[in-house]
Each structure stands twice: as structure tokens, then as C-alpha cells.
Protein chains: 2
Amino acid sequence: MSTGVNLKELAAELKLSPSTVSRALNDSYEISEATKKKVISMAEKLNYQPNPFARSLRENKSKTIAVVIPERMSSFFSKVVDGIEEITQQFGYHLLVYSTHEDVDREKKIVNLLMNGRADAIIMSVSSQTSDISHLTRLHERGFPLVFFDRICSDIPTTKFITNDYESGFEGTKHLIQQGCRKIAFLMLSKELSITKDRYRGYLDALKQAGLSPEPQLNITCCQDEEQNIEAIKQLLTGPNRPDGILSSVEKLALATYHAVKRTHLRIPEDIKIISFFSNLSIASLLNPSLTTITQPAFTIGEECAKLLMKKLTKPRQPDLPNQLITIPSKITIRSSTIVL
Amino acid sequence: MSTGVNLKELAAELKLSPSTVSRALNDSYEISEATKKKVISMAEKLNYQPNPFARSLRENKSKTIAVVIPERMSSFFSKVVDGIEEITQQFGYHLLVYSTHEDVDREKKIVNLLMNGRADAIIMSVSSQTSDISHLTRLHERGFPLVFFDRICSDIPTTKFITNDYESGFEGTKHLIQQGCRKIAFLMLSKELSITKDRYRGYLDALKQAGLSPEPQLNITCCQDEEQNIEAIKQLLTGPNRPDGILSSVEKLALATYHAVKRTHLRIPEDIKIISFFSNLSIASLLNPSLTTITQPAFTIGEECAKLLMKKLTKPRQPDLPNQLITIPSKITIRSSTIVL
DNA sequence: ATAAGACATGCAATCGTTTCCGTAGTTTAG
DNA sequence: CTAAACTACGGAAACGATTGCATGTCTTAT
């Protein structure tokens, strides 16, 4: 297959020993400048590419990071991965990307496969079904570098990158209240998710501050089937206890809401106002009416995850990843879905 | 780091030689059922995980496929990768995913890095700036398994998976003509792209069939900057030679068109009709008005690429990938952007 | 003139598998 | 009863890189 020259052949060509050539290519002080030059030029000429597996085996590192996300069709996760790649690529690291499809069993399989050292670290956001986290604690206890972002596991003492979920939930709700909403629904993927909990706390506190009481019927837990979600939201909108505002905690549920509204006679924002965590600004402004968004700094989150790991992995004796929660704020952009002109 | 037991330790524990243990785990006929059972249960007990690099080094295969796409924030490419993963995962293969960000220099770097055997094969869609394909021919000439999809290199004799670009371009244009369009613009990313050429041919032939003559000013080549694209399209829409129909050859340009239209007084579909290659059905039907789409079978394309490769890579003596163009048809879904009620 | 140090290079072990080859012990054929 | 053929396993080489140690040559100081 990839039958380029190897170190031994290169050395033979140069009439040097493999060790000398290796050292020359790795710029060792033990090798004279003259031989280094010769070696390097010959390596270029023969297009020598070191075998990554031989190297990985010897050095016990793969120069590979695994990224585990719940889904690919999401502008948030796409941007995070872009951010990660932007940094890791500069360090010559490669990215194994896995999607769990929000399925905890797939997540477990993936994580277990990763324990054999194929990757030097994992950056992940857990699936919405993940409640048993034994697969993750095991990984972490073995000293495997693990970084969470967005949907984190608080119980695992490592570094996590999130946005200001609580504040954003609070401010988003407050904004709806300021626009006159009194009955605000909260849309979520799963009650277990860290982002759900934090955003929901913000939502509750904003209600409380405004003297509004939360109503359990206004909380909708959605599933993986878009059609089902749309129908559930439609039921809510056409039911006896119709909300006048909606805070959607994830992108896809905002889209489901727009679909649901289309199936009713309701108007946005006159009858129902909508705000959502949302990362695709282009789409947000194209929706009809344009969607008021809480924009997460997806790309930056990815970059920060990667920067931290690169620091740990490329420098010699680095400490374990600290048990730390790093918050990068979101930005609320008010558009037409919450403003009656 | 990932300090599990290795084969030698496992063998010592069992008082067997490493070779026997290896054979037992690989279900060799040379090993008695009794020892196989013992070995397997001990391996389970000690949670033995073979070192992937040692194995890769020895077997000269990595059980890894590289996927190279122009961008991650695209429902088409996301779905293709999902399709690929669906298949490869069943065979225990891993996915290295790279984005070129439509940059041919990044593409070259990635491809060159991949030549060292880190992956057993590459599945790719070339960047819009790729005209010099020497990096790809070199790869292919070395016998590296290479599969193209969507944006292909016709000059490289390997298997390529596309949709029926010509027919879809033809039918899409024909649909616009049937709806009364006489001046139809064609939006593309780059003239060099295979998809542009084929879809454009379909467009031209449909015009010809209807007795319409193509106008060069109605072809817009877009760039990577969304704002610039929007302005260019707006110029077209507000200029003296305004089209009454638009065929967009890629998803992102349909969105840019909607943005552009929003900046004018024009109405869709009354003043301007729009049809686009588009993979995000949920978004297409939410746009205002909903977008008539040519939906590419993204997931299936990914699956087919992966199936072909799995067949080649997992069976013993497989021939080279045939020089073959496999077409999986798109489906046109008519929505409001082309229909005046 | 000789010992000591610096410099440049080679030998061989190592990483963890797989697999070729060899060899005891047992069964089968002639 | 002996030769041939199996069966079940062990020893050791190989994959391709890195690196500790050894070695040889050349300066330089005493």
C-alpha cells in the first residue's frame, strides 16, 4: 500500500546507520550540521515519511485526539469541531471524530474502544441519554486525558468548557418577560443534561424574580424524532394552557417549534415569542420571523478545549487536567421572534 | 497513560507463550478449544485490549479511514459522514475527519500527511479551489485506495459516487421554465468543480431545449465570504438584467440568495423563483417561502462509499477500486419558492 | 607525549503484536 | 512395529521507529 522508503532504506542510501538518520531528522545535538543537511535533503528527495505506527508504538502516543459528539448535523457541534481542528492541526495532531447519535450505548462502545490508546485524549459532549457515566469515570480514573464541553459530567474531576448556561437561561427568560410573556414554556432534550439543568435554573430564577410561578405542563422533554417533537410542541400550543413564550434550550427544538407553529394559526411573535440557544446565525436571521438567539461561542469553545490539551500533551511533564469549569459567555441577539413592532 | 495489560503479561498469567495467546484470541485452528476458552476468559478478566499501533505496525493496516471534506457546516457533508460512519463502524473502522475549508493548500497538506499510511483509504470531496490535482494523482499512483464523492476528479481512475448532477440541473431548470421563468441565473462555487460543470450542462441544455439563450451575466461564481456572495446576488437582483429564476448549485448559495432577496423589494416566487441543491429538508421547508429543493441522497452516498471500501479492505485479495462513476439520483421536492399560487 | 574531553556515529534493545518455523507428543496408515 | 501425519504449543523474527550505551576520531590541555 503506502510503500514509501523507510528509515533503514534511507540510511542505506546515505551510507549511514538508521540511528544517525533518525537523530538527524529529529535535529539531535549529537549530529553534525553537515550530515543533518545531507540527511534532510535525501529524505526530501526520497519523500521519506516516518511510519506513524512505529513511532506511536515506541513513543506511546498517537498524535491523535478523539472527538465525541452527539450529532454531526448541528451547527454548534460542527463549529466546535472546526475550532478544535484549527488548533490541533497546528500541532500536527489528527482528529478521530465519532457521533453517538444521542445514544448512550453507542457512546459507551466508542469510549471503550478508545481506551486502548488509539487516541491521546478525548474531547466530548455527552449524549442526551447519558445518566450512567461509569464508562467515563473508568476512563478518567485510568488517567486518560478527558475534556468535556457543553454537555458535561460534573462528577468527573477534569476540565470542562461551557457557556454561561445559567445566566443565558436567566437573561433569555427575562427578555421574554420584558416583552410581556407571562406563561413561558421550556423546551429541552433531556432532564439529565448539564445544559438542561443550568439553563432551566436560570429560567426558574427569572420567573421567580418576576413573580411568575413555573408550571410543570410548560416543560417539554423532547426526543430524537423530529416529527414527534413537532407534534408535542403543537399540542402544547393548541392546548388549553397555551404559553405565550418559549425558551428552547437547543437549536433543533427551535426549528421544531417553527414547524409546530406553522401547523397552527398562531403568529410569532404576536401570539407566541421564541428565543433559543442557537449557533447558526445565518439561518436564525432567515427564519420567518427571524429568531432571537442565544449564540454560544462554539468555535472558541473548540479552540479552548484544544489549546488546553495541546499544552498538556506537547509539553514534557504536565500535571493532570485540573478540575475546573471554564465559562465562555454567549451573546443574546434580539430579532423579530420576540419583538412586536 | 493507557496502561492495561499486554499480551506478554496476559500470557505469563496464563502460563502460556505470547504466540499461543495471540492465536487463541485470533481464533486460530492450531489452538485447542480448551485453551481458547481459558485465554478468552482471562483476557476478559484482565480487560486485555490489544495495542492498536503494534497491530497496525505488524499488519500494515490501521483500520482507519480518512474522510476529507470541504467544510463541516453543511448538512450535505454532515450526512455523508454519518453515512460513512454507519458502515465503517460495523467493521470496527475508525474515521479521521478533515476539513479543507475549501482551501486547496490545506487539502494538499492533509493529503500529503495521509500518505504515510495513517489511514487505509481516503474518501474525499475536493475543495472548490482545487484545479491542480497532482497531490491526488500521486496518492492514487501509489496504489492508495481513494474514493471520491460529489466533487470528484474525473481524471483519476478510481471509483466515484455522485448524484445525477446533469439530470438534476436539467430538471431543476426545466421546472423553473415551466413555472414561467425566462431569465434564469446559475449560482456556483467555482467553475472548476465537477458538480458545477455537470449541473451547468444540465442547465444549459434545459435552456436550449426551451429555446432560451444563456446569458453570461446571469452566471455568478461565488466565494467563501457569505457577505460578499449576498451582495453579489443582490447586485444581480437589482441590476438592469434581473433574472426571474435562480438555480443554485449548492446549499449555501440558496441561503445567500434568500438573504439577498430580503435586502430588496422582490418577492419569492412572484418576482424571482428559486430552486437549489439542498440537503437540509427541515430548513428548506421552514424558509420563507419554503424552498424547492433538489435533495441529494447524502447519507446513501456516504454508505455506498464506505461499503465499497469495506469490501476492498476487509477481504483478502481484492482488486483495485474500479474506474467507475456511480450515480445515485437526487429527488426534486417542489415547494413554494417556485410556485405562484 | 599522553590523558581527557568533545564530537560524530553505530550497535542493539525496545515498544506489542503476528506469524514462520520447529518440535514434542499423539494418532493413523501400511 | 515403524513411518507418516496431526495436534497443540513455544521460540524467535519481523514490522519501523527511537534511544541508551559503546566506540572511534580528533582536539586540546597538561
Side-chain angles (χ1 to χ4, degrees), chain A residues 1-40 42-43 46-64 92 115-120 314 316, chain B residues 1-40 42-43 46-64 92 113 115-120 316:
Chain A
M1 301 286 158
S2 71
T3 171
V5 289
N6 61 22
L7 193 63
K8 210 190 290 183
E9 291 160 2
L10 178 58
E13 195 71 28
L14 285 157
K15 296 185 181 165
L16 286 172
S17 82
S19 47
T20 302
V21 176
S22 171
R23 275 188 270 252
L25 291 172
N26 292 329
D27 201 29
S28 160
Y29 70 99
E30 295 183 280
I31 305 296
S32 68
E33 288 305 318
T35 21
K36 275 185 194 171
K37 284 222 173 76
K38 267 187 235 164
V39 169
I40 290 172
M42 180 63 81
L46 301 186
N47 192 29
Y48 166 71
Q49 303 268 46
N51 180 310
F53 305 118
R55 187 175 268 178
S56 291
L57 178 58
R58 176 64 215 235
E59 310 233 286
N60 199 31
K61 53 195 261 189
S62 58
K63 285 207 139 202
T64 300
M115 276 202 291
N116 61 12
R118 188 176 283 270
D120 296 338
T314 59
Chain B
M1 300 284 157
S2 72
T3 171
V5 290
N6 61 22
L7 193 64
K8 209 190 291 181
E9 292 161 0
L10 178 58
E13 195 70 28
L14 285 157
K15 294 183 183 168
L16 287 171
S17 82
S19 47
T20 304
V21 176
S22 171
R23 275 187 272 250
L25 291 173
N26 293 329
D27 202 28
S28 160
Y29 69 100
E30 294 183 280
I31 305 296
S32 71
E33 288 305 319
T35 25
K36 274 185 194 170
K37 283 223 174 74
K38 267 188 234 165
V39 169
I40 290 170
M42 181 62 83
L46 300 187
N47 192 31
Y48 166 71
Q49 303 268 43
N51 180 310
F53 305 117
R55 185 173 272 177
S56 292
L57 177 59
R58 176 64 217 235
E59 311 231 284
N60 199 30
K61 53 195 260 191
S62 58
K63 286 209 137 197
T64 300
L113 275 178
M115 277 202 289
N116 62 12
R118 189 176 283 269
D120 295 339

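Convention: sequence-line order gives letters A, B, ...; per-chain numbering from 1. Since the model is a prediction, treat every value here as computed from it, not as a measurement. Computation of the quantities below employed the complete heavy-atom set of this structure, encompassing side-chain atoms and omitting hydrogens, waters and symmetry-equivalent molecules.
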Checklist entry - Any side-chain heavy-atom pair from Val21(B) and Met42(B) closer than 4.5 angstrom? => result no
Comparing Tyr29(B) with Leu7(A), nearest DNA chain D nucleotide closer to 5' gives the residue Tyr29(B)
Note: contacts of residues 15-25 of chain B with DNA chain C (heavy atom, under 4.0 Å) are Ser19(B), Ser22(B), Arg23(B)
Correct closest heavy-atom pair for Gly117(B) and Phe53(A) would be O-CE1, 3.2 Å
In whole angstroms, the gap separating P of dT17(C) from NZ of Lys8(B) amounts to 10 Å
| message | Between Leu57(A) and Asn51(B), is there a side-chain heavy-atom distance shorter than 4.5 Å? | response | yes
Categorize Glu9(B) for me: base, sugar-phosphate, or nothing, with a 4.0 angstrom heavy-atom threshold over every strand shown. nothing
Worksheet item: Quick check: are there more than 12 heavy atoms from other residues, nucleotides or ligands sitting under 6.0 Å from NZ of Lys38(B)?
Response: no
Would you find a donor on one side and an acceptor on the other, under 3.5 Å apart, between the side chain of Lys63(B) and the backbone of Ser56(B)?
no
Separation of dG16(C) atom C1' from Arg55(A) atom CZ, nearest Å, is 18 Å
Whichever of Glu30(B) and Leu57(B) has the more 5' nearest nucleotide on DNA chain D, that residue is Glu30(B)
Evaluate the side-chain proximity of Leu7(A) to Tyr48(A): yes if any heavy-atom separation is below 4.5 Å, no if none is. yes
To the nearest angstrom, the NZ-P distance between Lys36(A) and dC7(C) comes to 12 Å
**Prompt:** Distance check: side-chain N/O of Asn51(B) vs OP1/OP2 of dG16(C), anything under 4.0 Å?
**Reply:** no
* Decide yes or no for Thr64(B) and Arg118(B): does some side-chain heavy atom of the first lie under 4.5 Å from some side-chain heavy atom of the second? => no
Rounded to whole Å, the NZ-C1' distance (Lys63(B) to dT17(C)) equals 15 Å
Heavy-atom side-chain contact between Leu10(A) and Leu25(A) under 4.5 Å: yes
note: Lys37(A), atom NZ; dA8(C), atom C1'; distance rounded to Å ~ 16 Å
Atom CG of Asn60(B) and atom P of dT17(C) are separated, to the nearest Å, by 18 Å
What does Thr35(A) touch in the nucleic acid at a heavy-atom separation under 4.0 angstrom: a base, only the sugar-phosphate, or nothing?
sugar-phosphate
If you define the side chain from C-beta out and look only at heavy atoms, does anything of Asn6(B) sit under 4.5 Å from Glu9(B)?
yes
Contact span of DNA chain D against chain B, any nucleotide atom under 4.0 Å from a heavy atom, 5' to 3', runs dA8(D) to dG16(D)
